[in-house]
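Taking it in order: structure first as structure tokens, then the write-up.
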Amino acid sequence: MPTAAAPIISSVQKLVLYETRARYFLVGSNNAETKYRVLKIDRTEPKDLVIIDDRHVYTQQEIRELLGRLDLGNRTKMGQKGSSGLFRAVSAFGVVGFVRFLEGYYIVLITKRRKMADIGGHAIYKIEDTNMIYIPNDSVRVTHPDEARYLRIFQNVDLSSNFYFSYSYDLSHSLQYNLTVLRMPLEMLKSETTQNRQESFDIFEDEGLITQGGSGVFGICSEPYMKYVWNGELLDIIKSTVHRDWLLYIIHGFCGQSKLLIYGRPVYVTLIARRSSKFAGTRFLKRGANCEGDVANEVETEQILCDASVMSFTAGSYSSYVQVRGSVPLYWSQDISTMMPKPPITLDQADPFAHVAALHFDQMFQRFGSPIIILNLVKEREKRKHERILSEELVAAVTYLNQFLPPEHTIVYIPWDMAKYTKSKLCNVLDRLNVIAESVVKKTGFFVNRPDSYCSILRPDEKWNELGGCVIPTGRLQTGILRTNCVDCLDRTNTAQFMVGKCALAYQLYSLGLIDKPNLQFDTDAVRLFEELYEDHGDTLSLQYGGSQLVHRVKTYRKIAPWTQHSKDIMQTLSRYYSNAFSDADRQDSINLFLGVYHPTEGKPHLWELPTDFYLHHKNTMRLLPTRRSYTYWWTPEVIKHLPLPYDEVICAANLKKLIVKTFHKYEEEIDIHNEFFRPYELSSFDDTFCLAMTSSARDFMPKTVGIDPSPFTVRKPDETGKSVLGNKSNREEAVLQRKTAASAPPPPSEEAMSSSSEDDSGTDREEEGSVSQRSTPVKMTDSGDSAKVTENVAQPMKELYGINLSDGLSEEDFSIYSRFVQLGQSQHKQDKNSQQPCSRCSDGVIKLAEGSGKPYWI
């Protein structure tokens with residue numbers, strides 16, 4: 001029986017779309033270009049989508065022969081050499097989905113990507129560019145006068161702005177869920193493998209598997225959490241007809257990663273925000289909740305801490321903490337037709353039994369467990385009732401729901417008027433928030449995948465012993481969630497989440513044995529780095545929902561912001577008002593069309609003709625007899641039985657059905673994350689491999705003077721650091737540019753010297769350009785005048801360290817040595833694999849050298 005489990009890596013990472021007059025052929029390959037799959041898309045149907053998935057897995061030689069036969073068969077005259085019958089349309093890195101308006105279908109392809117972060121060797125990419133291609137050919141196209149307008153509305157959703165994906169890591173789930181799945185008992189995975197083999201899509205997938213001798217590995221792939229998937233509707237039409245590797249799910253929100261150097265030991269701090277695709281929209285047009293319990297501006301924020309010196313989910317050290325923001329779960333709205341900066345808040349429907357709040361909190365119990373802690377930051381005292389309307393209704397709803405819950409799982413409600421304390425000169429806002437954060441983290445705990453270190457057992461900390469959550473033999477689990485809200489869930493909410501995240505970060509560092517006490521102070525390199533990461537996070541989410549960057553930042557509440565910040569706050573307020581008044585309606589139409597909330601249909605009103613989208617998001621209004629749940633037993637029975645653990649992470653039959661489990665050899669590329677990340681048998685330039693960037697690094701904040709303690713946990717004065725606390729003009733402009741580009745990608749674990757650049761992948765293909773490698777190559781986002789300086793700065797220290805300039809080409813002698821190494825290594829790899837699987841039907845490829853290229857390629 002297999003002795004381990006690993007995530008399945010998608011075998012469709014590089015795509016080429018070939019075109020004939022009657023069909024499109026979409027050829028997808030894995031990263032090493034050793035396995036290929038083919039999709040055939042019919043172009044003769046004017047309004048229907050006809051896709052045939054060739055279930056055979058091709059080698060590179062077989063795919064070349066297939067394309068050659070297609071080329072010959074589609075030429076206008078037999079034997080004609082002047083023209084080709086098969087045209088290469090575009091190269092891509094994934095399929096976003098298929099969409100149809102009033103004519104035929106379009107295919108949306110990712111044509112450019114950028115590596116943003118790395119979690120245990122699993123790369124997270126940001127979409128940089130897409131291509132939308134109309135499928136039917138011109139001879140069968142039936143034109144419609146409104147097609148172009150729908151196309152413009154659809155393309156108003158900028159897919160190059162903060163959309164992310166991964167080929168091997170499930171971004172829709174938390175790190176705790178993904179690692180919990182990998183730790184399931186192997187006996188249960190074995191029974192699940194038997195069922196999946198009977199229902200397998202490819203009848204040849206499990207042929208020849210030898211699992212004796214401990215060489216087998218369970219490959220696990222979980223179903224995504226569709227609430228945070230933004231292209232689920234676009235992929236729904238092909239979900240049941242194609243292999244799962246063609247389905248690439250994307251999330252919308254934020255992803256940033258920074259490197260923290262602790263006396264040379266690299267630690268990665270990653271921040272991932274997942275924006276809900278349910279009841280999604282813009283600021284004043286989406287408030288409160290819909291009839292299904294989904295709230296507006298709902299974002300799940302997860303901070304992940306990992307020791308980058310070990311790149312493995314099984315052997316490495318990982319920790320995470322999750323918190324949520326979202327609008328107040330009531331039926332409420334604001335009328336923007338009055339053209340007021342703060343439109344009056346109105347309660348649209350009476351909900352005496354808190355029906356919509358019950359649905360919302362039931363979802364949270366299922367995903368996060370208990371306790372659910374509500375931190376309500378809206379104003380409590382006002383001369384004229386405005387925000388207080390929401391506070392009174394929310395208190396009534398929580399009080400009503402709590403009387404039916406078991407006492408140990410009741411919803412915790414914390415009201416705190418943050419605006420009132422900000423105006424007070426006697427109270428420090430962040431000190432009060434720090435007290436709240438400590439109590440919250442102690443109740444929920446956090447996730448860590450290793451047991452407590454021996455030093456913490458010998459010298460236990462008082463705060464550590466009071467920590468909540470669930471303690472298991474392999475570490476700790478977070479049970480419960482903090483739900484923070486104000487009116488907009490932007491400025492005040494981001495500052496509160498930062499303070500809670502800062503408190504959780506201290507516990508995470510302590511659990512990994514990196515600090516001696518679970519406490520972090522302001523004005524340290526670690527906190528400044530974390531604060532900058534959270535400001536990028538807050539600016540990005542604020543632009544998506546409110547139309548401008550943050551107005552009030554952490555420095556504003558610390559009262560150390562420079563006087564010039566006030567004028568910037570005024571400009572951001574005006575920008576937000578302009579966006580809400582004039583452009584939000586168009587953005588809302590685009591989101592409704594992209595997410596499939598509205599489907600264009602002949603004979604029905606067009607999207608721009610609808611007076612409101614209320615009926616699109618509240619589907620119960622279209623039913624004659626809407627079903628209502630119990631007013632007292634408002635929760636799902638299965639969920640309440642397993643509290644405080646989240647039901648989604650409990651090992652039960654319902655959750656096992658959501659997993660795809662297969663058995664692989666330990667050398668199979670689908671589960672070998674080491675070869676996927678390092679690519680040991682592929683010739684690459686040293687500076688290309690390590691020339692990767694992050695949003696920020698602790699080196700930016702470390703002292704530039706010799707003799708000062710380099711620890712990132714030492715409190716510093718503003719003049720001791722590389723970046724000033726207040727920041728000069730050039731630094732602020734650079735920070736804004738970084739937020740717009742959102743560039744970050746970590747170097748491999750052994751690298752400590754490089755931390756500045758970005759990696760872009762553009763569509764090149766090795767099948768027709770034999771000497772050109774399709775592997776991701778970094779593209780430095782600098783001006784032409786600065787490129788020479790960047791190269792010089794990278795190459796000079798390498799020459800001093802290694803004695804040669806590694807960016808230059810290899811000599812013939814060095815290249816021959818490298819070629820022998822590749823052949824010997826590949827032969828040994830093949831010998832080991834054959835000794836473990838004598839009956840396997842697949843044979844390894846052999847490396848050949850392309851003539852005149854100096855780079856090997858696979859055949």
Side-chain angles (χ1 to χ4, degrees), residues 162-164 171-174 177 224-230 232-233 249-255 271-303 321-334 356-369 372-378 390 394 397-398 411 480-494 496-497 500-501 537-538 540-546 584 587-588 591-592 594-595 597 613 616-619 646 648:
N162 308 116
F163 283 88
Y164 305 92
L171 288 173
S172 66
H173 286 292
S174 64
Y177 177 90
Y225 191 64
M226 298 307 296
K227 185 174 186 177
Y228 297 114
V229 173
W230 275 65
E233 188 71 23
Y249 295 100
I250 63 175
I251 67 166
H252 184 40
F254 174 80
C255 178
L271 203 61
I272 299 175
R274 310 173 185 92
R275 180 173 292 280
S276 172
S277 61
K278 309 295 183 183
F279 204 50
T282 54
R283 185 185 177 201
F284 284 127
L285 298 178
K286 285 292 162 285
R287 294 295 212 189
N290 65 3
C291 62
E292 297 176 354
D294 303 309
V295 298
N297 195 23
E298 184 173 6
V299 182
E300 179 183 303
T301 300
E302 179 180 20
Q303 61 188 56
Y321 183 79
V322 181
Q323 49 186 324
V324 172
R325 67 172 70 183
S327 188
V328 179
L330 304 168
Y331 289 122
W332 66 279
S333 63
Q334 288 179 279
V356 64
L359 291 173
H360 177 68
F361 291 124
D362 189 34
Q363 290 179 13
M364 297 190 71
F365 275 130
Q366 180 171 344
R367 181 163 173 84
F368 304 111
I372 294 176
I373 305 173
I374 303 172
L375 178 57
N376 186 18
L377 303 175
V378 303
L390 300 178
L394 183 59
V398 172
I411 301 170
I481 194 72
L482 171 67
R483 186 193 190 278
T484 310
N485 73 268
C486 50
V487 177
D488 296 325
C489 301
L490 296 178
D491 302 338
R492 287 174 281 180
T493 298
N494 197 70
Q497 284 195 331
V500 176
H537 160 268
T540 302
L541 298 182
S542 182
L543 279 167
Q544 293 166 7
Y545 183 66
D584 277 5
R587 289 174 56 207
Q588 185 66 57
I591 293 172
N592 290 340
F594 184 87
L595 293 176
V597 178
D613 64 352
L616 301 178
H617 292 274
H618 296 77
K619 298 178 181 178
D648 287 348

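None of these values were measured; they are calculated from a predicted model.
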- Message: Suppose we screen for side-chain hydrogen bond (donor to acceptor under 3.5 Å, both in side chains). Which residues come up paired with Gln497, at least two apart in sequence or across chains?
- Response: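 Partners of Gln497 under the side-chain hydrogen bond (donor to acceptor under 3.5 Å, both in side chains) test: Arg325.
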
- Task: Kindly assign one of parallel, tilted or perpendicular to the pair Tyr225 and Tyr228, based on the angle between their ring planes and the thresholds 30° and 60°.
- Result: tilted

- Parallel, tilted or perpendicular: ring planes of Trp230 versus His252, cut at 30 and 60 degrees: perpendicular

- Message: Between Arg275 and Gln544, is the side-chain contact (heavy atoms from CB on, under 4.5 Å) condition met? List the steps.
- Response: CA-CA 10 Å; Arg275 180 173 292 280; Gln544 293 166 7; 2.8 Å; yes

- From CA spacing to verdict: side-chain contact (heavy atoms from CB on, under 4.5 Å), Arg483, Phe361: CA-CA 10 Å; Arg483 186 193 190 278; Phe361 291 124; 4.3 Å; yes

- Out of Leu171, Val324, Val322, which residue meets the side chain to side chain contact (heavy atoms under 4.5 Å, CB included) rule with Glu302? Val322

- Query: Any side-chain heavy-atom pair from Phe365 and Ile411 closer than 4.5 angstrom?
  - Reply: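 With C-beta onward as the side chain, the pair touches.
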
- Does the side chain of Ile251 come within less than 4.5 Å of Ser277's, by heavy atoms? no

Identify the two heavy atoms, one from [X] and one from [Y], that lie closest to each other, and give their separation to 0.1 Å.
X      : Y      : result
Leu543 : Arg587 : O-NH2, 3.6 Å
Gly288 : Ser327 : N-OG, 3.0 Å
Ala357 : Ala397 : CB-CB, 4.3 Å
Val328 : Cys486 : CG2-O, 4.3 Å
Gly546 : Leu490 : CA-CD1, 4.3 Å
Phe279 : Asp294 : CD2-O, 3.7 Å

Separation between [atom1] of [X] and [atom2] of [Y], rounded to the nearest 0.5 Å:
X      : Y      : atom1 : atom2 : value
Asp362 : Arg367 : CG    : CZ    : 14.5 Å
Leu390 : Asn485 : CG    : CG    : 8.5 Å
Tyr164 : Ile250 : OH    : CD1   : 11.5 Å
Ile481 : Glu300 : CD1   : CD    : 6.5 Å

- Inspect the contact between Asp613 and Lys286 and indicate whether a charged nitrogen and a carboxylate oxygen are less than 4.0 angstrom apart. yes

Using the side-chain contact (heavy atoms from CB on, under 4.5 Å) criterion, which residues pair with [X]? Sequence neighbours excluded.
X      : result
Ala273 : Phe254, Val299, Thr301, His537, Leu541
Ala289 : Val295, Val356
Ala496 : Leu375, Leu377, Leu433, Thr484

- Item | Residues in salt bridge (charged side-chain N to carboxylate O under 4.0 Å, His left out) contact with Asp648, at least two apart in sequence or another chain |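 Once residues adjacent in sequence are excluded, Asp648 has no partner under the salt bridge (charged side-chain N to carboxylate O under 4.0 Å, His left out) criterion.
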
- Message: Tell me every residue that passes salt bridge (charged side-chain N to carboxylate O under 4.0 Å, His left out) with Glu298, counting only those two or more places apart in sequence or in another chain.
- Response: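 Checked Glu298 against salt bridge (charged side-chain N to carboxylate O under 4.0 Å, His left out); matches are Lys227.
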
- Message: Testing the 3.5 Å rule here: is there a donor-acceptor pair between the side chains of Gln588 and Asn592?
- Response: yes

Side chain [X], main chain [Y], donor-acceptor under 3.5 Å:
X      : Y      : result
Arg274 : His173 : yes
Asp491 : Asn494 : no
Asn297 : Asp488 : yes
Glu233 : Phe594 : no
Gln334 : Arg283 : no

- Task: Could you check Arg287 against Val487 for side-chain contact (heavy atoms from CB on, under 4.5 Å), going step by step and ending with a plain yes or no?
- Result: CA-CA 9 Å; Arg287 294 295 212 189; Val487 177; 4.1 Å; yes

